Undergrad: 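Below: one structure in structure tokens.
Only a predicted model underlies this, so the values are computations on that prediction, with no experimental measurement involved. All values below were derived from every heavy atom in this structure, side-chain atoms included, with hydrogens, water molecules and symmetry-related copies excluded.
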Amino acid sequence: MGLKFLKINPADNVAVAIDPLKKGVCISVDGKEIFLQEDIPAGHKVALKDFAENEDIIKYGYAIGHARCAITKGAWVNERNIKTNLEGVLEYSYSPKLAELNIPNRNLSFMGYRRKTGEVGIRNEIWVIPTVGCVNGIVNRLADSLRRETGEVNVDAIVAFPHNYGCSQLGNDHENTRKILRDMVLHPNAGAVLVVGLGCENNQLSAFKDLLGEYDAERIRFMECQKVDDEYEEGMNILRQLYDIASQDARVEVPLSELKVGLKCGGSDGFSGITANPLLGVFSDFLVAQGGTSVLTEVPEMFGAETILMNRCETPELFDKTVHLINDFKDYFLANNQPVYENPSPGNKAGGISTLEEKSLGCTQKCGKSAVKDVLMYGERIHSKGLNLLSAPGNDLVAATALASAGCQLVLFTTGRGTPFGSFVPTMKISTNSKLAVNKPKWIDFNAGSLVENDLMDDIAERFIRFVIDVASGRRVNNELNGFREIAIFKSGVTL
């Protein structure tokens with residue numbers, strides 16, 4: 001077998017090592033022989049030409065930064081010799097480039113739970129949600145007791161979601177907490193919810209009920225601990241009633257157009273933009289063509305690829321909202337005296353990602369080529385089917401929580417380094433390389449790494465479509481099997 005490497009785009013002046021490449025060996029690229037000047041780890045870049053200082057380095061057909069110094073042909077290109085081209089808040093112009101995808105509607109369906117609101121859940125769970133962190137111990141005890149008492153028979157799970165907030169918060173932080181908790185309470189993956197308050201917190205139950213708007217009072221109940229004699233007995237009485245109601249629910253056939261998925265990546269590597277992220281892009285376009293919805297977030301990981309998304313906006317108004325989405329997040333960094341473009345983590349760099357542009361150009365492949373149909377603020381719920389952009393940071397748990405809160409029933413999470421976490425909806429892990437899938441079978445649900453081995457995109461995409469439908473119909477993913485379920489709420493300001 002020959003040496004394995006990949007030049008992704010004809011315009012690229014670097015190639016990616018698929019397998020580790022040894023110093024001194026010769027590779028042939030576009031008919032030219034290149035002798036490697038040093039060992040190149042898998043997922044990392046090799047220079048296909050001599051670079052002068054400040055010369056652009058091209059990957060995915062776009063500049064991912066410039067050379068910090070002269071780089072010799074055949075050398076290892078990494079964060080030590082490449083620097084971002086990005087800087088500051090920018091002005092943008094709208095140059096729409098909307099693709100015609102011509103993907104047929106296959107009239108597929110899944111088995112889900114149709115709620116009174118008309119929304120569809122892919123799980124039928126009982127959730128215990130605190131308004132404030134002071135009652136975390138109580139909600140954990142209540143959920144644990146109901147699990148033991150019922151054995152979770154006839155419901156998919158019984159889960160408490162403790163968090164640290166709900167009091168001593170001001171302004172946007174307080175509103176962020178209220179909105180995320182509201183979105184959870186109304187989420188269709190919950191067949192029943194008990195909201196537990198303390199009584200003296202900022203996030204008062206009376207005001208929180210007003211924020212909910214119309215809700216199913218049979219399935220959403222409330223308890224204020226300072227106003228009851230025994231919060232454990234009162235809470236268990238309510239939960240038993242909710243269990244009796246939710247345990248009667250049954251799955252029904254639902255068109256795939258009702259599926260809403262979040263698109264997320266974390267612990268990326270040099271294969272992310274070659275295997276798993278493009279696979280999600282193919283799936284996202286397919287789902288949109290079926291009338292479904294996908295949501296892309298991680299705004300700081302759009303920096304450097306934002307114009308691609310802006311020019312896919314269906315209207316000038318959406319373009320303007322996307323400009324604000326990007327520049328508002330840059331202003332947030334600047335207001336906190338932090339560098340805007342120092343994003344790739346140590347794990348990203350070890351995996352072969354050197355600059356934010358490189359990460360962003362790989363990350364944005366998760367949303368395919370569909371037109372942008374809407375732009376959502378943090379804590380806002382989905383209004384429009386099709387591809388949506390959502391304001392949230394790159395942090396894995398904060399972003400995944402935001403995607404679920406927007407109304408996604410499922411988060412699709414690509415990773416090249418691996419992570420076990422799960423949000424409050426099923427959080428499916430898709431590996432970018434086969435080694436990770438083999439080493440972490442209790443973390444990884446689907447392996448996209450075979451795309452650089454023997455699999456064709458059409459074949460693996462079809463398997464992935466079927467797998468997602470199975471999960472939407474009740475098949476559990478690893479975070480559910482392991483009981484890894486948690487939430488994180490975005491915080492940007494003062495704690496009193």
Undergrad: Decide if the gap between the ring center of Y332 and the ring center of F329 is smaller than 6.0 angstrom.
TA: yes

Undergrad: How far does CG of L287 sit from CG of L280, to the nearest 0.5 angstrom?
TA: 10.5 Å

Undergrad: Assess the residue pair K264 and D396 against the criterion (salt bridge (charged side-chain N to carboxylate O under 4.0 Å, His left out)); give the C-alpha distance rounded to whole Å, side-chain angles, the decisive distance to 0.1 Å, and a yes or no.
TA: CA-CA 8 Å; K264 176 77 181 78; D396 289 349; 2.8 Å; yes

Undergrad: Kindly indicate whether the side chain of R381, heavy atoms from C-beta on, has any atom under 4.5 Å from the side chain of L186.
TA: yes

Undergrad: F110 vs I469, test: side chain to side chain contact (heavy atoms under 4.5 Å, CB included). Steps then yes/no.
TA: CA-CA 6 Å; F110 65 95; I469 290 173; 4.1 Å; yes

Undergrad: Can you tell me how far CG of D374 sits from CG of L376, rounded to the nearest 0.5 angstrom?
TA: 5.0 Å

Undergrad: Within a radius of less than 6.0 Å around NZ of K373, do more than 12 heavy atoms belonging to other residues, nucleotides or ligands occur?
TA: no

Undergrad: Between D183 and S405, is any side-chain donor less than 3.5 angstrom from a side-chain acceptor?
TA: no

Undergrad: Could you measure the distance from the NZ atom of K23 to the CH2 atom of W76? Nearest 0.5 Å is fine.
TA: 13.0 Å

Undergrad: Measure from NZ or CZ of K429 to the centre of the six-membered ring of F421, then state whether that distance is under 6.0 Å and the direction lies within 45° of the axis.
TA: yes

Undergrad: Kindly indicate, with the supporting measurements, whether the criterion salt bridge (charged side-chain N to carboxylate O under 4.0 Å, His left out) is fulfilled by R466 and E462.
TA: CA-CA 6 Å; R466 293 295 174 186; E462 186 60 30; 3.6 Å; yes

Undergrad: Any cation-pi pair here, K179 with Y378, using under 6.0 Å and within 45°?
TA: no

Undergrad: Carefully, step by step, assess S284 and V261 under the rule side chain to side chain contact (heavy atoms under 4.5 Å, CB included).
TA: CA-CA 8 Å; S284 176; V261 303; over 6 Å; no

Undergrad: Just wondering, do T427 and F484 contact through their side chains at under 4.5 Å, heavy atoms?
TA: no

Undergrad: Just verifying a value: how many Å separate C69 SG and I82 CD1, rounded to the nearest 0.5 Å?
TA: 11.0 Å

Undergrad: Which pair of non-hydrogen atoms, one from C265 and one from E301, has the smallest distance, and what is that distance?
TA: SG-OE1, 4.1 Å

Undergrad: Counting N and O atoms only, with roles assigned by atom type, does the side chain of T364 sit under 3.5 Å from a partner on the main chain of M302, one being a donor and the other an acceptor?
TA: no

Undergrad: Mind checking the CD-NZ spacing from E453 to K4? Nearest 0.5 Å is all I need.
TA: 6.0 Å

Undergrad: Check A448 against A276 and note the closest heavy-atom contact, atom names and distance.
TA: CB-CA, 3.7 Å

Undergrad: Less than 4.5 Å apart, any side-chain heavy atom of E480 and any of E125?
TA: yes

Undergrad: State, yes or no, whether a side-chain contact exists between V471 and F446 at a heavy-atom distance under 4.5 Å.
TA: no

Undergrad: Does a side chain donor of either N277 or S272 reach within less than 3.5 Å of an acceptor in the other side chain?
TA: no

Undergrad: Within a reach of under 6.0 Å around CG of N454, are more than 12 heavy atoms found that belong to other residues, nucleotides or ligands?
TA: no

Undergrad: Under 3.5 Å, is there a donor-acceptor pair between the T322 and E306 side chains?
TA: no

Undergrad: With K7 as the cation and F5 as the aromatic partner, state whether NZ or CZ is under 6.0 Å from the six-membered ring centre and within 45° of the axis.
TA: no

Undergrad: Got D12 and L48 here, is their nearest side-chain heavy-atom distance under 4.5 Å?
TA: no

Undergrad: Can N78 and S354 be counted as having a side-chain donor-acceptor contact under 3.5 angstrom?
TA: no

Undergrad: What closest approach, in Å, do V295 and C408 show between heavy atoms, and which atom pair accounts for it?
TA: CG2-SG, 3.7 Å

Undergrad: Measure the CZ-CD1 distance between R312 and I308 for me, rounded to the nearest 0.5 Å.
TA: 8.5 Å

Undergrad: Tell me, yes or no, whether the heavy-atom count around F464 atom CZ, taken from other residues, nucleotides or ligands under 6.0 Å, exceeds 12.
TA: yes

Undergrad: Which is it for H66 and N85 under the side chain to side chain contact (heavy atoms under 4.5 Å, CB included) test, yes or no, and what are the steps along the way?
TA: CA-CA 6 Å; H66 62 269; N85 288 336; 2.6 Å; yes

Undergrad: Kindly determine whether E38 and R80 satisfy salt bridge (charged side-chain N to carboxylate O under 4.0 Å, His left out), including the steps that lead there.
TA: CA-CA 14 Å; E38 51 195 314; R80 293 189 295 273; 5.6 Å; no

Undergrad: Kindly indicate whether the side chain of L181, heavy atoms from C-beta on, has any atom under 4.5 Å from the side chain of P130.
TA: no

Undergrad: Is it the case that more than 12 heavy atoms not belonging to H383 sit under 6.0 Å from its NE2 atom?
TA: yes

Undergrad: Does some side-chain heavy atom of V411 sit less than 4.5 Å from a side-chain heavy atom of V425?
TA: yes

Undergrad: Answer whether the closest heavy-atom distance between the side chains of T414 and K366 falls below 4.5 Å.
TA: yes

Undergrad: Would you call the rings of H187 and W127 parallel, tilted or perpendicular if under 30° counts as parallel and over 60° as perpendicular?
TA: tilted

Undergrad: Passes side chain to side chain contact (heavy atoms under 4.5 Å, CB included), F424 versus N189? Steps please.
TA: CA-CA 9 Å; F424 68 90; N189 278 15; over 6 Å; no

Undergrad: Would you please say whether a donor-acceptor pair under 3.5 Å links the side chains of N311 and S95?
TA: no

